[in-house]
2 protein chains.
Amino acid sequence: MKITLPALKIALSTNIKRLRKEQGISQEKLALKADIDRSYMSEVERCLANPSIEALLKIGNALEVTPCELLQLGKKRS
Amino acid sequence: MKITLPALKIALSTNIKRLRKEQGISQEKLALKADIDRSYMSEVERCLANPSIEALLKIGNALEVTPCELLQLGKKRS
DNA sequence: ATGTGACTTCTAGTCCGTA
DNA sequence: TTACGGACTAGAAGTCACA
């Protein structure tokens, strides 16, 4: 079944928030580490942005996960 | 270790080409199915584009895989 | 069937501020 | 510390033509 864009954005947002909090860092610190703007990071977490794979990669590297993991949806069985 | 943007693009390109050929469809047909431009699809496969997660989603849906699978790097062990 | 160039439009992404 | 706004610039994405 097809995934929707909102669902994907929510998955991304959830994953970022979870990983960020696990590492105990603020949105701003993460943005700094990922070398992207803090207001844009905020938009990503609020599901307002539509980031490129480059942005995804930067965030992933800052959180030490693959871009793929950032997009992982809440697990489902086939 | 950090992933580089070129590496990610190559992974994406490779995955798209592989899946597309498995399904025996042309770049053009895939572009049509994904509702994106044929020339843009060509750029993605040649690692020239930096697609958004929306574009990723469209291509993934057309190929019936998750966006996550499209970004999967050539398997490596931890 | 695909690559590529030239061009346009729109949005990704930055930078600044305020609450 | 985060949400949210406006104004701006860089680059994603669409269209068309041609090799």
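Computed from a prediction, not measured in an experiment: that's the story for all the values here. So that the names make sense, note that chain A is the first sequence line, chain B the second, and so on, each numbered from 1. The basis for the numbers below is simple: all heavy atoms, side chains too, and nothing from hydrogens, waters or symmetry mates.
At distances below 3.5 Å, at least one donor-acceptor pair connects side-chain atoms of A/T14 with backbone N or O atoms of A/I10. B/Q23 places a side-chain N or O within donor-acceptor distance of the main-chain N or O of B/L63, the cut-off being under 3.5 Å.
One interatomic measurement links the two molecules: CD of A/E28 to P of D/dT1, which rounds to 7 Å at whole-angstrom precision. Per the geometry, CE belonging to B/M41 stands 11 Å off P belonging to C/dT2, to the nearest Å. One atom, CD of A/E45, and another, C1' of D/dC4, lie 14 Å apart when rounded to the nearest Å. Note: NZ (A/K29) to C1' (D/dT1) measures 12 Å, nearest angstrom. Distance NZ (B/K33) to P (C/dA1): 16 Å, rounded to an integer number of Å. Rounded to an integer number of Å, the gap from CD1 of A/I16 to P of D/dT2 is 13 Å.
In this structure, CD1 on B/I16 lies 7.5 Å from CG on B/L56, to the nearest 0.5 angstrom. Separation of atoms CZ (B/R20) and CG (B/N15) is listed at 13.0 Å; rounding is to 0.5 Å.
There is no side-chain donor-acceptor pair under 3.5 Å between B/S42 and B/E45.
Here the rule is side chain to side chain contact (heavy atoms under 4.5 Å, CB included) with A/P6, and of A/T4, A/L8, A/I3 only A/T4 fits it.
Rounded to 10 degrees, the angle separating the terminal helix axes of the helix from C/dT2-D/dA19 to C/dA19-D/dT2, each built from five base pairs, is 50°.
With distances taken from any side-chain atom of A/R46 to the nucleotides C/dG3, D/dT2, D/dC4, the minimum falls on D/dC4.
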(request) If a protein heavy atom is under 4.0 Å from the base, mark B; if only from the sugar-phosphate, S; if neither, -; do that for nucleotides 11-19 of chain D going 5' to 3'. (result) -SS-BBBB-
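No chain of hydrophobic side-chain contacts below 4.5 Å, direct or via other Ile, Leu, Val, Met, Phe, Trp or Tyr residues, connects A/M41 to A/L32.
Residues A/L30 and A/I36 fail the side-chain proximity criterion, which asks for heavy atoms closer than 4.5 Å.
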